[in-house]
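First comes the structure, then the notes that go with it.
The analysis underlying the following values was restricted to heavy atoms, covering all of them including side chains, and did not include hydrogens, waters or symmetry mates.
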Amino acid sequence: MRIGELSERTDTSRRLLRYYEEQGLIISSRSPNGYRNYEENPVDRVLQIRGLLDAGLPTRIIKQILPCLNKPRAIHFPDATPEMLATLTLERDRMTRRIDCLIRNRDAVSEYLDAVSGKRG
């Protein structure tokens, strides 16, 4: 898959895809004419990266946890320092708080929609 198709399928700019590649988050090969070719399920990978970035994780941490998102999981962290583990714990807890808040907000919007549309339940 070339960068244009990946960009369209993930709604991610080509510039951002090139940045992900510079950061080692996605990998491409080059065809003889210099075009980037992506193979290993790049759509899912880009969507995972975007979700993690939206959750507030920096790319340096995303790069370290990406292997955990593969199936089968191949987890190997030779450089997992106590500081990195503490950072990941804080980020996980922050994401949990955001998820809880989003759930509360979604439920409030649903209740409002039910009330204004005449549904009670």
Side-chain angles (χ1 to χ4, degrees):
M1 173 183 315
R2 296 217 317 244
I3 194 167
E5 182 181 353
L6 183 58
S7 173
E8 286 180 25
R9 291 181 60 188
T10 60
D11 194 28
T12 303
S13 71
R14 294 174 188 206
R15 181 174 176 239
L16 199 49
L17 292 172
R18 287 189 289 273
Y19 173 75
Y20 293 168
E21 189 173 341
E22 287 172 11
Q23 297 300 307
L25 302 176
I26 58 176
I27 299 170
S28 72
S29 59
R30 296 292 182 132
S31 60
N33 60 6
Y35 290 158
R36 287 176 167 85
N37 291 308
Y38 299 92
E39 295 176 9
E40 298 179 26
N41 204 6
V43 173
D44 288 341
R45 177 55 53 106
V46 169
L47 295 176
Q48 288 172 329
I49 292 166
R50 290 189 59 182
L52 292 167
L53 286 168
D54 287 346
L57 288 175
T59 55
R60 67 179 172 77
I61 291 177
I62 292 171
K63 183 176 180 180
Q64 293 176 335
I65 67 171
L66 278 175
C68 299
L69 304 176
N70 293 335
K71 300 220 186 299
R73 287 185 163 88
I75 301 172
H76 177 67
F77 293 122
D79 58 349
T81 64
E83 294 79 17
M84 185 193 78
L85 297 175
T87 299
L88 283 174
T89 299
L90 291 172
E91 290 296 332
R92 181 204 56 206
D93 295 346
R94 190 179 60 76
M95 283 189 268
T96 299
R97 288 189 301 275
R98 287 184 68 195
I99 290 167
D100 292 342
C101 180
L102 286 170
I103 289 170
R104 284 191 309 275
N105 290 340
R106 181 207 54 206
D107 292 348
V109 169
S110 292
E111 288 176 24
Y112 175 80
L113 289 170
D114 289 347
V116 297
S117 65
K119 296 179 183 176
R120 300 282 177 177

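- Chaining together hydrophobic side chains whose heavy atoms lie under 4.5 Å apart places Y112 alongside V116.
- By the neighbour-count criterion of 12 heavy atoms within 6.0 Å, atom CZ of R30 is densely surrounded, having more than that number from other residues, nucleotides or ligands.
- Side-chain atoms of R106 and L102, non-hydrogen and from C-beta on, never get closer than 4.5 Å to each other.
- Here the CG atom belonging to L57 is positioned 6.5 Å from the CZ atom belonging to R94, to the nearest 0.5 angstrom.
- Taking CZ of R36 as the start and CE of M1 as the end, the distance is 15.0 Å to the nearest 0.5 Å.
- Checking side-chain atoms of T87 against main-chain N and O of E83 turns up a donor-acceptor pair under 3.5 Å.
- Note that OG1 of T10 is 8.0 Å distant from OH of Y20, once rounded to the nearest 0.5 Å.
- Side-chain contact, T12 with R50: a donor N or O sits under 3.5 Å from an acceptor N or O.
- Inter-residue side-chain proximity for L66 and I49 is flagged as met; some heavy-atom pair is nearer than 4.5 Å.
- For the atom pair CG (N37) and CG (L6), the distance works out to 11.0 Å, reported to the nearest 0.5 Å.
- Once rounded to the nearest 0.5 Å, the distance linking CD of Q23 with CD1 of I62 reads 10.0 Å.
- The line from CG of L53 to CG of L16 is 7.5 Å long, rounded to the nearest 0.5 Å.
- Ion pairing between a basic and an acidic side chain is recognised when a charged N comes within 4.0 Å of a carboxylate O; R18 and E21 show no such pairing.
- The environment of I27 atom CD1 is sparse: at most 12 non-hydrogen atoms of other residues, nucleotides or ligands sit within 6.0 angstrom.
- Residues I3 and Y35 do not share a hydrophobic cluster, defined by chaining ILVMFWY side chains whose heavy atoms lie under 4.5 Å apart.
- Under a hydrophobic clustering in which Ile, Leu, Val, Met, Phe, Trp and Tyr are joined whenever their side-chain heavy atoms come within less than 4.5 Å, directly or via other members, Y38 and L47 fall into the same cluster.
- Taking the side chain as every heavy atom from C-beta outward, I26 and P42 never approach each other to under 4.5 Å.
- Linking ILVMFWY side-chain heavy atoms closer than 4.5 Å, directly or via other members, places I99 and I65 in two distinct hydrophobic clusters.
- One N or O on the side chain of R98 and one on the backbone of A55 form a donor-acceptor pair closer than 3.5 Å.
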